[in-house]
Number of protein chains: 2
Amino acid sequence: MVTRAGPTDGGAGGSRGGPASGARRDSPHLTAERIHAAALRLVDVDGIDALSMRKLAATMGVNPMSLYHHVPNKAALLRGICGLAVAELDIPVRADADWRDQLRQIAHSYRSLAHRHGNLITYLIANPGFIQRDGALWTALCETLARAGIPAEEVVRIGNVLLTFVSGFLLAEVNGTLGDLLRSGPASGEGEQPDDGAADAAADAAEFDRGFEAGLELVIAGLEAHGASAATPAKTSRSGTAPRRRGGRTARPNHLGR
Amino acid sequence: MVTRAGPTDGGAGGSRGGPASGARRDSPHLTAERIHAAALRLVDVDGIDALSMRKLAATMGVNPMSLYHHVPNKAALLRGICGLAVAELDIPVRADADWRDQLRQIAHSYRSLAHRHGNLITYLIANPGFIQRDGALWTALCETLARAGIPAEEVVRIGNVLLTFVSGFLLAEVNGTLGDLLRSGPASGEGEQPDDGAADAAADAAEFDRGFEAGLELVIAGLEAHGASAATPAKTSRSGTAPRRRGGRTARPNHLGR
DNA sequence: ACCTGAACACCGTTCAAGT
DNA sequence: ACCTGAACACCGTTCAAGT
């Protein structure tokens with residue numbers, strides 16, 4: 001039984017080999033990049049569990065063992081497609097915006113990635129190493145918090161809280177937890193036709209949006225209540241040099257730090 | 001190597017068959033309950049990936065196929081051990097406490113479960129169906145929010161936000177994401193001996209605690225800022241009967257709902 | 001250099017056969 | 001009734017052998 005569907009037919013690939021591009025004629029010449037892209041496509045369509053070296057190879061019309069010449073193992077493959085996805089993160093760098101708006105934008109960028117790769121984000125969030133400390137998202141988040149007036153020694157802590165909060169929401173939204181709990185209310189259990197299908201899905205999506213906004217505003221309000229500056233400061237205000245270590249407690253009424 | 005601890009030591013089983021009935025003497029007689037318990041133990045010790053029907057059977061000193069007489073398949077097994085874990089959730093029912101304290105207690109109960117079953121919670125949170133709408137945690141959470149003055153039609157939404165936020169933090173705490181980001185700060189990269197081992201772990205744990213408290217106080221402050229009652233109301237106040245459906249908007253200045 | 005068939009050690013699950 | 005061996009259709013990965 002031979003799995004290769006066709007010689008060069010390719011699968012879903014947009015620019016895939018041969019059709020018009022004249023050059024590079026027949027063989028796509030297996031590449032780590034191309035393998036990662038195909039794997040990501042497979043995950044997006046069929047879910048993370050459908051990703052196997054053998055199935056991926058079949059998708060690409062290639063012998064399963066050939067993959068191992070470009071990708072050391074499945075773990076590396078997973079890392080590769082994660083990298084591909086996070087590279088899509090589009091974090092705004094507008095340094096002049098209000099910190100609230102900046103937080104909202106960062107959160108929405110993250111959420112849009114989650115929606116674009118719903119099947120992957122579950123894996124991404126559930127495994128460490130997705131958010132790198134020098135990545136655009138984490139950097140922008142920390143900068144924004146600093147500009148909001150969060151004391152330097154608390155920026156990482158609060159950044160972690162915000163990031164994990166949003167991750168938790170997105171995970172629940174994508175994996176169905178949110179939908180489950182939503183269809184409950186304090187009082188329901190009535191008749192409620194079991195299948196409304198598409199209409200229900202749209203209503204759910206709208207409610208997810210509202211929930212996301214509500215959570216966002218909740219944490220922003222919390223930051224404000226705990227001493228984040230009400231207006232965007234022209235500078236970091238306060239002392240010229242950033243307060244280092246936990247030397248003296250700040251006079252600020254912020255007790256988020258404990 | 002035989003792992004069976006004792007002949008009839010039993011586990012959590014309360015009313016199981018034949019206690020007085022004389023029989024059952026030596027062999028523990030495979031039971032769904034007992035299988036779930038053994039599986040949970042295996043997951044706790046070796047991680048979720050180490051759980052296989054065959055390995056579990058080996059652990060129990062039993063033929064792999066015997067398991068299928070008591071557990072239909074692996075998915076059901078997973079459901080079983082999840083049920084076992086959530087049954088450990090110890091949600092306080094003190095209805096007279098301040099709603100803030102109640103939220104804190106619910107959150108800490110959840111967190112303690114996450115710590116007790118660190119290897120399972122990753123799976124639990126990443127998969128739907130863990131929190132049932134009629135479970136103790138969700139019920140208590142919604143009740144508490146209602147008592148805090150959250151309008152009835154927003155309780156589910158805000159409850160979802162809080163629950164998923166906490167889940168996200170716990171997931172990141174348990175899977176290492178938090179630790180990764182923690183060891184970064186806006187400025188680090190100095191010498192920093194690579195291996196401090198246990199000391200580092202303890203410092204991390206303390207910082208995780210602080211982060212959890214910070215997140216908790218953040219959302220509580222956010223709820224207060226958005227109109228949750230400052231003091232615990234004596235009653236649910238407002239209309240005597242629970243407001244049904246999305247009838248009329250409340251006059252309350254709370255705009256978390258959008 | 002790149003690819004590949006066969007093989008190994010695992011999976012979950014089915015089923016006819018044992019006691 | 002309960003258990004079990006053999007078998008099937010999958011895995012990831014290695015490796016000697018092909019071109």
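Residue numbers start from 1 in every chain, and the chains themselves are labelled A, B, ... in the order their sequence lines are given, proteins ahead of strands.
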message: My understanding is that only residues two or more places apart in sequence, or in another chain, count here; which of them pass side-chain hydrogen bond (donor to acceptor under 3.5 Å, both in side chains) with R79(B)?
response: none

field: Set of residues satisfying side-chain contact (heavy atoms from CB on, under 4.5 Å) with respect to H69(B), sequence neighbours excluded
entry: none

message: If a pair means Watson-Crick or G-U wobble with both distances below 3.5 Å, what does DNA chain D look like in dot-bracket form, with | marking bases paired to a different strand?
response: ||.|||||...|||||.||

- prompt: Among H117(A), H36(A), E33(A), whose side-chain contact (heavy atoms from CB on, under 4.5 Å) with L84(A) holds?
  reply: H36(A)

For nucleotides 11-15 of chain D, which of its nitrogen or oxygen atoms have a protein nitrogen or oxygen under 3.5 Å away, and what is each distance?
unit_1: dC11(D); atom_1: OP1; unit_2: S52(A); atom_2: OG; d: 3.4
unit_1: dC11(D); atom_1: OP1; unit_2: K55(A); atom_2: NZ; d: 3.3
unit_1: dG12(D); atom_1: OP1; unit_2: M53(A); atom_2: N; d: 3.1
unit_1: dG12(D); atom_1: OP1; unit_2: K74(A); atom_2: NZ; d: 3.2
unit_1: dG12(D); atom_1: OP2; unit_2: M53(A); atom_2: N; d: 3.0
unit_1: dG12(D); atom_1: N7; unit_2: R54(A); atom_2: NH1; d: 2.3
unit_1: dG12(D); atom_1: O6; unit_2: R54(A); atom_2: NH1; d: 3.0
unit_1: dT13(D); atom_1: OP2; unit_2: Y68(A); atom_2: OH; d: 3.1
unit_1: dT13(D); atom_1: OP2; unit_2: K74(A); atom_2: N; d: 2.9

- prompt: Quick one: is dC3(C) close enough that its OP1 or OP2 comes under 4.0 Å of any side-chain N or O from H70(A)?
  reply: yes

- request: Report the residue from L89(B), T144(B), V166(B), L163(B) that forms a side-chain contact (heavy atoms from CB on, under 4.5 Å) with I106(B).
  value: T144(B)

- prompt: Quick check: does any side chain N or O of S109(A) sit under 3.5 Å from a backbone N or O of D90(A), one acting as donor and the other as acceptor?
  reply: yes

message: What is the separation between atom CG on L67(B) and atom P on dG5(D), rounded to the nearest whole Å?
response: 14 Å

field: Whether F130(B) and Y110(B) hold their rings parallel, tilted or perpendicular, with breakpoints at 30° and 60°
entry: tilted

task: Find the distance H69(B):NE2 to dA16(C):P and express it as a whole number of Å.
output: 13 Å

query: Taking only residues two or more places apart in sequence or in another chain, which ones pass side-chain hydrogen bond (donor to acceptor under 3.5 Å, both in side chains) with H70(B)?
result: none

field: Partner residues of N175(A) under the side-chain hydrogen bond (donor to acceptor under 3.5 Å, both in side chains) criterion, sequence neighbours left out
entry: T177(A)

query: Expressed in angstrom and rounded to an integer, what is the separation of N63(B) atom CG from dA6(D) atom P?
result: 11 Å

